[in-house]
Amino acid sequence: MPAITLPDGSVRCFEGSVTGTELAAAIGPGLARAALAMKLDGTLVDLAHEIDRDAGVVFVTRRDPEALGLIRHDAAHVLAEAVQDLYPGTQVTIGPAIEDGFYYDFARNEPFTPEDFPVIEARMREIVARNAVFEREVWDREAAIAFFEARGERYKAELIRDLPESETITFYKQGDWIDLCRGPHMRGTGDVGDAFKLMKVAGAYWRGDHRNAMLSRIYGTAWRDRSELDAYLHRLAEAERRDHRRIGREMDLFHIQEEAVGSIFWHPNGWRLYRTAESYMRRRLNAAGYQEVRTPQLVDRSLWEASGHWEKFREHMFIATVEHEEKTLALKPMNCPCHVQIFRQGIKSYRDLPLRMAEFGSCHRYEPSGALHGIMRVRAFTQDDAHIFCTEAQIAPETVRFVDLLASIYRDFGFPEFAVKFADRPAQRAGSDVVWDRAEAALKEACATAKVSYELNRGEGAFYGPKLEFVLRDAIGRDWQCGTLQVDFVMPERLDAEYVAEDGARHRPVMLHRAILGSFERFLGMLIEQYAGRFPLWLAPVQVAVATVVSDADEYAAGLAEALRRAGLEVRLDLRNEKINAKIREHSLAHVPVLAVVGRKEAASGTVALRRLGGEAQEVLGRDAAIARLAQEAMPPDLGRQPPASNWLDPARSGKL
RNA sequence: GCCGACGUAGCUCAGGGGUAGAGCAACUGAUUCGUAAUCAGUAGGUCCUCGGUUCGAUUCCGAGCGUCGGCACCA
């Protein structure tokens with residue numbers, strides 16, 4: 001006698017078990033039409049599922065967020081049926097719903113091409129129009145394996161073999177087509193609707209392992225209705241416009257060419273952006289108690305052998321030899337071994353700890369060619385790296401300080417939101433489990449103290465210790481790890497770092513490897529996409545364009561531009577014989593944040609008309625007031641937080657100078 | 001690294017077995033104009049590289065390099 005509780009709190013009792021379909025019908029015809037699936041005590045199940053005990057039921061309709069996942073999963077099944085229909089002999093493997101869509105991996109000798117899409121989509125629409133009912137079937141394990149093997153579907157057979165013995169093997173049938181699937185599904189293929197589109201083909205390793213065969217993956221997107229699909233496609237087009245590679249070219253920030261794959265040629269505009277970020281970081285690190293150092297690029301193999309990099313990291317390293325000497329050197333892929341060398345100079349006392357050693361460390365790593373991506377993933381990059389040499393007891397407080405600093409810096413750069421992942425011990429690791437227990441516990445405690453909530457990234461820690469990953473999302477929706485904090489008990493041991501403790505004995509320090517931006521290259525790529533090139537004034541590579549309306553104002557404009565430069569602003573003077581409309585358009589397209597327009601009126605009255613990028617309003621200010629205002633606005637956020645310069649003359653503060 | 005697509009003017013892209021075109025940008029000239037494109041003209045190409053097929057290849061074929069999208073790998 002199940003008593004079923006509905007979301008409004010009402011309870012319905014039934015004589016015997018009921019299906020979701022029957023329950024919905026009992027509640028009302030509108031719901032019966034709209035219900036696609038239901039949540040049974042929080043678990044999403046088919047409408048055909050029999051409810052035989054007391055339970056809470058929430059129906060899922062097209063309007064609910066859960067509907068998207070169902071539509072996409074069902075669309076993947078429809079895709080698979082269409083493909084097997086059109087290309088006999090193609091094996092099916094897996095096809096899940098993913099963010100914004102779905103994919104299905106096929107095993108087929110011939111690759112798919114985007115030219116196949118119209119044909120496949122047409123067949124998919126036929127299958128949707130047919131509206132075959134999704135029927136769930138429970139199969140015996142051996143029968144299921146035999147079934148797929150008889151059809152030559154060896155991937156499916158392998159999947160079933162690897163399912164735990166306890167798992168119920170379920171198939172879903174849509175008309176004549178049948179697939180191994182956990183479910184749940186909607187009522188029938190018709191519920192997929194017409195708001196789907198195949199997007200791209202790609203290779204993907206079977207089970208995500210590069211030692212396995214490469215399958216053909218077809219990606220699609222699916223939505224509740226056409227307008228959602230159109231909005232998504234529009235969003236993609238917008239994202240493409242934000243792409244840092246495109247903006248990098250348009251704003252003349254940088255380029256990359258064949259002779260230096262994975263390395264960046266920074267142009268004047270881009271380098272100005274870079275230096276602005278670097279100066280800001282240098283100030284923030286100094287203020288946070290870091291000491292900056294600089295260590296060699298080329299370091300002898302023996303140090304890499306001692307650190308373990310030669311063994312664990314060699315295939316990622318650029319190795320250099322010289323003609324006249326029997327030496328092997330390597331371009332540093334990381335800064336840590338060099339920092340330990342500085343730490344080891346002289347005797348360190350516990351009083352020196354925590355010792356925060358920072359370097360804008362230029363590193364080279366031989367990254368796989370397929371991994372390279374604009375300036376986000378390169379082979380030559382500069383980390384805002386630092387190593388904190390400390391005691392075990394200092395791990396937690398140092399982590400709290402670090403997270404605070406990172407959050408403040410991300411905020412200043414316009415990233416109020418970021419994800420944190422906790423990567424714990426990997427299968428291949430150095431150090432005993434006792435040490436790992438300690439390191440992980442210390443880091444977890446630190447997270448709790450710093451009120452950092454994280455997602456567990458199991459087994460992804462560094463070989464020497466657990467790490468926190470601070471992840472930002474780019475315009476295309478890809479996540480990039482930028483900041484990191486890694487607890488390391490191993491490197492100090494390998495490279496023999498020690499300090500004299502209170503007890504007079506020598507102890508090993510702990511090393512915290514940490515970066516906030518991660519690499520300047522990646523972070524600046526993120527920054528470009530975050531702002532779509534329309535940087536706030538302090539970051540903009542060109543801050544003000546002074547443009548004349550008529551050539552009579554040339555002299556006045558030149559004087560204004562010079563005064564703005566003296567005030568520390570990056571200025572372009574546009575005296576060209578062009579209409580002011582054209583000048584405004586060009587500087588706007590170049591994302592110059594402030595346009596200072598001067599014509600006869602301004603020249604005569606000693607004023608300037610300011611126009612902000614993206615706005616149409618103009619503001620006419622006196623020359624000096626405008627310069628002072630812009631100089632103030634262009635102040636980096638960390639300096640802007642301090643009292644303005646005029647306070648230096650405040651007698652109350654003069655004692656400190 | 002793997003799978004696939006792509007590589008033509010500075011940029012965006014057409015084209016196609018008989019050595020190439022558009023728009024924008026550039027350059028020259030005219031125009032002095034008030035908040036997102038003034039007009040006219042000129043110039044610009046080893047059609048990624050190397051090899052093959054062919055009377056002839058930028059076009060077809062192969063290899064290499066690079067880029068792009070995924071996968072794998074990672075800041």
Side-chain angles (χ1 to χ4, degrees), chain A residues 103 105 110-115 199-219 240 243 245-246 249-250 252 255-259 261-262 313 315-316 333-334 361 363 365-379 381-385 460 462 467 469-472 476 478 480-484 486 513 515-523 525-526 547-554 575-590 595-602 609-618 620:
Chain A
Y103 68 79
D105 284 347
E110 287 281 294
F112 296 102
T113 75
E115 281 90 74
M199 302 298 287
K200 52 197 175 193
V201 289
Y205 296 109
W206 166 236
R207 297 195 148 178
D209 189 328
H210 68 274
R211 290 164 302 194
N212 290 340
M214 178 137 308
L215 306 172
S216 293
R217 175 173 298 181
I218 296 178
Y219 281 96
E240 204 180 316
D243 192 310
R245 294 165 296 189
R246 167 194 288 258
R249 191 169 48 238
E250 288 170 352
D252 197 16
H255 85 273
I256 297 173
Q257 67 184 47
E258 272 194 47
E259 290 81 355
V261 171
F313 210 73
E315 74 256 38
H316 299 291
M334 297 180 192
C363 296
R365 293 183 194 168
Y366 183 78
E367 300 288 349
S369 57
L372 300 175
H373 179 81
I375 66 173
M376 305 273 214
R377 183 83 181 266
V378 288
R379 289 177 175 162
F381 55 97
T382 304
Q383 296 179 313
D384 61 320
D385 200 9
E460 293 297 318
K467 64 177 181 178
E469 301 169 352
F470 299 86
V471 176
L472 296 173
I476 313 171
R478 286 188 269 217
W480 295 92
Q481 181 189 319
C482 290
T484 182
Q486 308 172 5
H513 306 240
I516 291 174
L517 309 187
S519 82
F520 278 90
E521 291 76 5
R522 174 173 296 180
F523 193 82
M526 301 298 301
T548 50
V549 180
V550 292
S551 52
D552 287 355
D554 283 3
L575 304 181
R576 290 173 307 156
N577 179 10
E578 288 288 349
K579 292 173 103 168
I580 192 63
N581 281 314
K583 294 185 183 183
I584 287 168
R585 178 162 196 275
E586 284 177 30
H587 296 299
S588 299
L589 290 173
L595 219 65
V597 176
V598 294
R600 288 201 186 92
K601 272 188 298 190
E602 289 75 13
L610 296 184
R611 178 193 165 113
R612 306 293 169 146
L613 177 59
E616 285 178 15
Q618 322 162 34
V620 179

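Proteins get letters first, then strands, A, B, ... in listed order; numbering begins at 1 in each. The figures that follow rest on heavy atoms only: side chains count, while hydrogens, waters and symmetry mates do not.
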With a 4.0 Å cut-off on heavy atoms, is A/Gln618 in touch with a base, just the backbone sugar-phosphate, or nothing at all?
base
Below 3.5 Å, does any donor atom in the side chain of A/Arg377 face an acceptor in the base of B/rC73, or the other way round?
yes
Look at the side-chain N and O atoms of A/Asn581 and state whether any lies under 4.0 Å from the OP1 or OP2 oxygen of B/rU35.
no
If you compare every side-chain N and O of A/Gln481 against the phosphate oxygens of B/rA75 (OP1, OP2), does one of them come in below 4.0 Å?
yes
Treat primed atoms plus P, OP1 and OP2 as sugar-phosphate and everything else as base, then score nucleotides 58-68 of chain B 5' to 3': B for base contact with protein heavy atoms under 4.0 Å, S for sugar-phosphate contact only, - for none.
-------SSSS
Tell whether A/Arg249 reaches the base of B/rC11 with its side chain through a donor-acceptor pair below 3.5 angstrom.
no
Let's go through A/Arg245 and A/Asp243 carefully: what are the C-alpha distance in whole Å and the side-chain angles of both, what is the deciding distance for salt bridge (Lys or Arg N to Asp or Glu O under 4.0 Å) to 0.1 Å, and is it a yes or a no?
CA-CA 5 Å; A/Arg245 294 165 296 189; A/Asp243 192 310; 2.5 Å; yes
Determine the contact category for A/Ile584: base if any of its heavy atoms lies under 4.0 Å from a base atom, sugar-phosphate if only primed atoms, P, OP1 or OP2 are that close, otherwise nothing.
base
Taking any heavy-atom pair under 4.0 Å as a contact, classify A/Ala582: base, sugar-phosphate, or nothing.
sugar-phosphate
If pairing means Watson-Crick or G-U wobble with both distances under 3.5 Å, then the partner of B/rU19 is none
Would you classify A/Ala609 as touching base, sugar-phosphate or nothing, given that sugar-phosphate means primed atoms plus P, OP1 and OP2, and contacts are heavy atoms under 4.0 Å?
base
So what does A/Gly208 touch, heavy atoms closer than 4.0 Å: a base, only the sugar-phosphate, or nothing?
sugar-phosphate
Counting only Watson-Crick pairs (N1-N3 plus N6-O4 or O6-N4) and G-U wobbles (N1-O2, O6-N3), all under 3.5 Å, who is the partner of B/rA9?
none
Given A/Thr548, A/Val549, A/Leu610, the one that forms side-chain contact (heavy atoms from CB on, under 4.5 Å) with A/Val597
A/Val549
Touch check for A/Glu578, heavy atoms < 4.0 angstrom, all strands: base, sugar-phosphate only, or nothing?
base
For A/Lys200, which contact category applies under a 4.0 Å heavy-atom criterion: base, sugar-phosphate, or nothing?
sugar-phosphate
With A/Arg611 via side chain to side chain contact (heavy atoms under 4.5 Å, CB included) - residues at least two apart
A/Ile584, A/Leu595, A/Glu616
I need the single residue from A/His316, A/Arg379, A/Arg377 that forms a side chain to side chain donor-acceptor pair (under 3.5 Å) with A/Glu367. Which is it?
A/Arg377
Does a side-chain N or O from A/Tyr366 land closer than 4.0 Å to OP1 or OP2 of B/rG1, or not?
yes
Taking only nitrogen or oxygen atoms into account, show me every contact under 3.5 Å that the protein makes with nucleotides 3-6 of chain B, one pair per line with its distance.
unit_1	atom_1	unit_2	atom_2	d
B/rC3	O2	A/Gly203	N	3.3

side-chain hydrogen bond (donor to acceptor under 3.5 Å, both in side chains) involving A/Asp384 - partner list, sequence neighbours excluded:
none
For B/rG4, the Watson-Crick or wobble partner whose two distances fall under 3.5 Å
B/rC68
Please list, pair by pair, any protein nitrogen or oxygen found under 3.5 Å from a nitrogen or oxygen in nucleotides 39-46 of chain B.
none

Would you classify A/Tyr219 as touching base, sugar-phosphate or nothing, given that sugar-phosphate means primed atoms plus P, OP1 and OP2, and contacts are heavy atoms under 4.0 Å?
sugar-phosphate
Counting only Watson-Crick or G-U wobble pairs whose two distances fall under 3.5 Å, which nucleotide matches B/rU59?
none
Give the rounded distance in Å between these two atoms: CD1 of A/Ile375 and C1' of B/rA75.
13 Å
For B/rU46, give its Watson-Crick or G-U wobble partner with both distances under 3.5 Å, or none.
none
Rounded to whole angstroms, how far apart are NZ on A/Lys601 and P on B/rC33?
13 Å
Between A/Arg246 (CZ) and B/rC11 (C1'), how many Å, whole number?
10 Å
Using the side-chain hydrogen bond (donor to acceptor under 3.5 Å, both in side chains) criterion, which residues pair with A/Asp252? Sequence neighbours excluded.
A/His267
Would the number of heavy atoms belonging to other residues, nucleotides or ligands and lying under 6.0 Å from CD of A/Glu110 be above 12?
no
Applying a 4.0 Å non-hydrogen cut-off, can you work out what A/Lys583 is touching in the nucleic acid: base, sugar-phosphate, or nothing?
nothing
Counter-base of B/rA30, judged by Watson-Crick or G-U geometry with both distances under 3.5 Å:
B/rU38
If only side-chain N and O atoms of A/Tyr205 are considered, is one of them under 4.0 Å from the OP1 or OP2 phosphate oxygen of B/rG70?
no
Is A/Glu315 touching bases, backbone alone, or none of the nucleic acid, heavy atoms closer than 4.0 Å?
nothing
Considering every strand and a 4.0 Å limit on heavy-atom distances, what is the contact class for A/Ser519: base, sugar-phosphate, or nothing?
base
Give A/Arg611 one of three labels, base, sugar-phosphate or nothing, depending on what nucleic acid heavy atoms sit under 4.0 Å from its own.
base
